[in-house]
Amino acid sequence: MPSWAPKYLSYALEVDFKGRDLEALLEIWEIFLEHLPGYSGKAWFDVDDMNSCVKSILSSGKSLNDFLSPSHRTAKGIALYLVM
Amino acid sequence: MSFYIPIYLGHHNFNLLRYADRVPVIFTTFFAVPTIKFHRVGKAISGVEFTYPPISGWNLSHASSYSCPFLLSADRCIWDRCSIPPLEQSVFGDDKWIALYRIADYALSNYRHGRGLSHKDGLTEFNRVDLLLLARMSVQLLQKNDP
């Protein structure tokens with residue numbers, strides 16, 4: 001992921017998305033979180049971006065709780081695991 | 001409840017603590033000092049509720065599960081930097097909150113693993129120190145309110 005991606009994500013999180021748009025945003029957010037441990041210490045990853053992302057979620061009026069739970073993506077993962 | 005963020009914040013905690021002055025929102029959101037509400041029946045206190053205004057629906061169990069991974073893996077020398085504002089104003093700025101969170105986390109993990117209070121290993125030295133600190137504080141509080 002290039003360095004501008006977390007910055008762009010913080011702007012996207014500020015938008016008051018609803019319905020399917022919000023779902024898509026949550027998926028992107030979860031992909032971001034999944035890769036977060038690997039970003040640590042990378043020159044292009046800026047800790048300020050993490051701060052901006054949380055700030056954007058709060059200022060947009062979206063529920064922070066939605067962004068804290070392993071929602072549909074994990075549920076999908078478990079479903080795939082059970083089927084395969 | 002979710003253990004998603006604690007795991008990822010846990011991996012990341014060294015950086016977040018080191019750069020605490022650059023991530024104030026993380027500290028004022030996830031590690032905010034709780035608001036305590038007392039429920040009373042007449043004069044007696046019948047219950048205590050911990051709320052976290054930044055995140056609706058959060059309680060002591062959520063908050064302690066977020067803070068304790070930080071406490072477990074944080075380098076001691078990082079705490080010397082507690083004087084920087086975001087850390088000082090968070091729960092990490094006060095030994096009493098840390099003691100309370102560690103005890104809550106211990107109790108919750110025993111509950112989750114179905115160990116109960118008679119867990120064979122008993123309380124660790126850390127648990128004892130935390131409990132003593134909290135007990136001392138409670139007694140002081142009672143003496144102050146009811147001399």
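For P54(B), the part lying under 4.5 angstrom from a heavy atom of chain A is the backbone only.
In this structure, K62(A) places its NZ atom where more than 12 heavy-atom neighbours from other residues, nucleotides or ligands lie under 6.0 Å away.
Residues L25(A) and V15(A) are members of one and the same hydrophobic cluster, defined by side-chain heavy-atom contacts under 4.5 angstrom among Ile, Leu, Val, Met, Phe, Trp and Tyr.
Expressed to the nearest 0.5 Å, how far CG of N51(A) lies from OG1 of T28(B) amounts to 8.0 Å. Annotation: the span from L58(A) atom CG to T29(B) atom OG1 amounts to 4.5 Å, rounded to 0.5 Å.
Under the salt bridge (Lys or Arg N to Asp or Glu O under 4.0 Å) criterion, D48(A) pairs with R22(B), not counting sequence neighbours.
Screening residues 46-56 of chain B for side chain to side chain donor-acceptor pair (under 3.5 Å), with sequence neighbours left out, gives H39(B)-E49(B), Y52(B)-Y101(B).
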